[in-house]
Trainee: 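This is the structure, below, for whatever I ask next.
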Amino acid sequence: MIEDLIYIAKEAGEIIRQAHGTRFSIEIKSNNVKNLVTEVDKKSEKTITDFIRKKYPSHSILAEEGGETKSSSEYLWVIDPLDGTTNFAHGLPIFSVSIGLQYKGETVAGVVYDVMRDVIYSAEKGSGAFENGKKISVNSNEIIEESLLVTGFPYNVAENPEKVFERFIEMLKVARAVRRLGSAAIDFCYVANGVFDGFWEVHLNPWDICAGKLIVEEAGGKVTDFTGNQISIFNKTILSTNGKIHNRMIELLNSV
Ligand code: IPD
Ligand code: CA
Ligand code: CA
C-alpha cells in the first residue's frame, strides 16, 4: 500500500504546488486569527479521501479538515492535507502533505511529501525510512551544544501553554541554534534524515504526528513525550530526536 500513499500524496501536492503564488480564499478557523484554512487545504484533502473511498471503501479516515469517517475496518488513514498552512497562505514555500496508515492501532506506513522540494519521505513498519527512495538515518551527534533543533508553536501560543516560551528560551540558550519551519511533518523528516538533532512541540494533532513519527523511528530515532514515555499519535506533546540527545533534552525541557 505504500505505493498508494506515495501516489496520492504527490497528486495532492501537485494541486498545492499549482496554487502556490496564486490567489485563493483563506478562512479563519475556530475564531483565532492565527489559525487558517484555505480552499487548497480542502481541495487537497478531497483528492486524498476520494482516492481512499474509491479504492478502500471499508477503511476509516481521520483527516484534519473533514473530521472522521468511522467504520469497523482495522485500517485507519490519518491525513494532514496541507501541513504548514500559514506558510502556504503567506507564500513561504515550506509545506507538506502528510499521510499515515494505521492497522489495528499501529502505524504501518507513513509518507510526507515536501511539496516545493518535490521530496517524498516514506516508511513502512520494520523496513527503514527513505527520502526519494534512498535510505536515511538520524545523525549521531551526542552533544546538545552542537545541535540544530527545531520546534513549533500552537495557535494559542499567546497564552503560553505548557511553558512554551520558557522552554524555547532554555533550548535557545543551550543548543547551537533553534529553527521554526512551520510544518511539523517536515520537522520530523529533517530529524529522520539527520539535518536536525531534535524536535519538540506541544498541542500537536494526530495528523501532524502519524507519518512523521514512523519515519523518525524507522530512521533509528526516538519519539516520546517530555518525560520519555512512549506515545500514541493521540498524544499532544512530542519530543523527537536522534536518540543520543534525548535524555539531555528531557532534562532541559523539564528544568523550567
Ligand atoms: C501546523 C504546523 C506547524 C505547527 C502547528 C500545526 P497546519 O499545522 O504543523 O508547524 O507548529 O502546531 O498546527 O495547521 O499548518 O496543518
Ligand atoms: Ca498540521
Ligand atoms: Ca493542515
Side-chain angles (χ1 to χ4, degrees), residues 8-9 12-13 15-16 19-20 24-49 61-68 77-100 110-116 121 149-162 164-165 167-168 171 178-192 195-196 198-213 215-216 223 225-226 231 233-240:
I8 201 59
I15 291 170
I16 299 169
H20 173 60
F24 42 79
S25 74
I26 304 174
E27 289 164 54
I28 287 165
K29 261 174 147 179
S30 56
N31 255 343
N32 180 342
V33 71
K34 292 192 202 293
N35 194 359
L36 307 176
V37 60
T38 75
E39 62 179 294
V40 184
D41 295 69
K42 293 176 189 170
K43 262 189 216 155
S44 169
E45 182 164 309
K46 187 167 181 319
T47 302
I48 300 165
T49 53
I61 295 173
L62 176 59
E64 180 175 14
E65 311 306 339
E68 214 165 338
W77 294 72
V78 185
I79 300 158
D80 193 332
L82 204 176
D83 187 48
T85 295
T86 307
N87 287 348
F88 176 72
H90 287 261
L92 180 68
I94 304 173
F95 38 79
S96 61
V97 177
S98 173
I99 305 178
V111 164
V112 173
Y113 183 44
D114 183 332
V115 175
M116 297 310 289
Y121 296 91
L149 306 179
V150 67
T151 189
F153 299 101
Y155 291 115
N156 67 339
V157 60
E159 294 157 26
N160 192 20
E162 316 262 348
V164 283
F165 296 150
R167 284 179 158 144
F168 181 64
M171 291 302 185
V178 181
R179 300 291 181 246
R180 195 287 195 243
L181 295 188
S183 166
I186 291 179
D187 297 337
F188 275 113
C189 294
Y190 277 139
V191 173
V195 168
F196 290 135
F199 163 44
W200 83 97
E201 186 159 352
V202 300
H203 289 199
L204 284 177
N205 286 299
W207 42 83
D208 300 314
I209 298 173
C210 192
K213 176 175 185 280
I215 292 167
V216 168
V223 183
D225 64 13
F226 291 173
I231 56 157
I233 62 166
F234 298 97
N235 277 72
K236 300 245 154 217
T237 302
I238 67 100
L239 170 62
S240 170

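Start at 1 and go down the list; that is how both ligands and their atoms are numbered. Since the model is a prediction, treat every value here as computed from it, not as a measurement.
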Trainee: Measure the distance from atom 10 (O) of ligand 1 to every protein heavy atom, then report the residue, atom name and distance (to 0.1 Å) of the closest one.
Mentor: Gly182 C, 2.9 Å

Trainee: What are the two closest non-hydrogen atoms of Val112 and Ser98, and how far apart are they?
Mentor: CG2-OG, 4.1 Å

Trainee: For ligand 1, is His203 a contact, meaning one of its heavy atoms is under 4.0 Å away?
Mentor: no

Trainee: Does some side-chain heavy atom of Ile79 sit less than 4.5 Å from a side-chain heavy atom of Trp207?
Mentor: no

Trainee: What residue and atom, counting heavy atoms only, is the protein's closest point to atom 5 (C) of ligand 1, and at what distance?
Mentor: Glu201 OE2, 3.5 Å

Trainee: Just which atoms of ligand 1 are under 4.0 Å from any heavy atom in Asp80?
Mentor: 16 (O)

Trainee: Heavy atoms only, cut-off 4.0 Å: how does Trp207 contact ligand 1, side chain, backbone, both, or neither?
Mentor: neither

Trainee: Among protein heavy atoms, which lies nearest atom 7 (P) of ligand 1, and at what distance?
Mentor: Tyr155 OH, 3.6 Å

Trainee: Find out whether Phe168 and Arg180 are in side-chain contact, i.e. whether some heavy atom of one side chain is under 4.5 Å from a heavy atom of the other.
Mentor: no

Trainee: Ring centres of Phe88 and Phe24 under 6.0 Å apart?
Mentor: yes

Trainee: For residues Ile16 and Phe95, determine if any side-chain heavy atom of one lies less than 4.5 Å from a side-chain heavy atom of the other.
Mentor: yes

Trainee: Which heavy atom of Leu181 sits nearest to which heavy atom of Ile186, and what is that distance?
Mentor: CD1-CG2, 4.0 Å

Trainee: Testing Glu27, Glu65, Glu64 one by one against Lys42 for a side-chain hydrogen bond (donor to acceptor under 3.5 Å, both in side chains), which residue passes?
Mentor: Glu27

Trainee: Pick one of side chain, backbone, both or neither for how Asp83 approaches ligand 1, counting any non-hydrogen atom pair under 4.0 Å.
Mentor: both

Trainee: Side chain, backbone, both or neither: which applies to Leu82 and ligand 1 if a contact is any heavy-atom pair less than 4.0 Å apart?
Mentor: backbone

Trainee: Check each atom of ligand 1 against the heavy atoms of Glu64 and keep those under 4.0 Å away; list them by number with element.
Mentor: 16 (O)

Trainee: Flag the pair Ile231 / Lys213 as yes when at least one side-chain heavy-atom distance between them is below 4.5 Å, and no otherwise.
Mentor: yes

Trainee: Side chain or backbone of Glu65 under 4.0 Å from ligand 1, or both, or neither, by non-hydrogen atoms?
Mentor: neither

Trainee: Before signing off on this row, confirm whether Pro154 and ligand 1 have an N or O atom pair separated by under 3.5 Å.
Mentor: no

Trainee: Please say whether Asn35 places an N or O atom under 3.5 Å from an N or O atom belonging to ligand 1.
Mentor: no

Trainee: So, regarding Ala185 and ligand 1 (criterion: nitrogen or oxygen to nitrogen or oxygen, under 3.5 Å), is there a contact or not?
Mentor: no

Trainee: Take atom NZ of Lys46 as the centre, draw a 6.0 Å sphere, and report whether it contains more than 12 heavy atoms from other residues, nucleotides or ligands.
Mentor: no

Trainee: Would you mind telling me which of Val164, Leu149, Ile238 makes a side chain to side chain contact (heavy atoms under 4.5 Å, CB included) with Trp200?
Mentor: Leu149

Trainee: Taking all non-hydrogen atoms of both residues into account, name the closest pair between Ile99 and Ala211 and its distance.
Mentor: O-CB, 3.5 Å

Trainee: Donor-acceptor pair, distance only, cut-off 3.5 Å: does the side chain of Asn32 make one with the backbone of Tyr155?
Mentor: yes

Trainee: Show the nearest heavy-atom pair for residues Pro81 and Ile48, with the distance to one decimal.
Mentor: CA-CD1, 4.3 Å

Trainee: Take the Ca ion (ligand 2) as the centre and count protein N, O or S atoms at distances under 3.0 Å.
Mentor: 3

Trainee: Report the part of Ser183 in contact with ligand 1, treating N, CA, C, O as backbone and CB onward as side chain, heavy atoms under 4.0 Å; options are side chain, backbone, both, neither.
Mentor: backbone

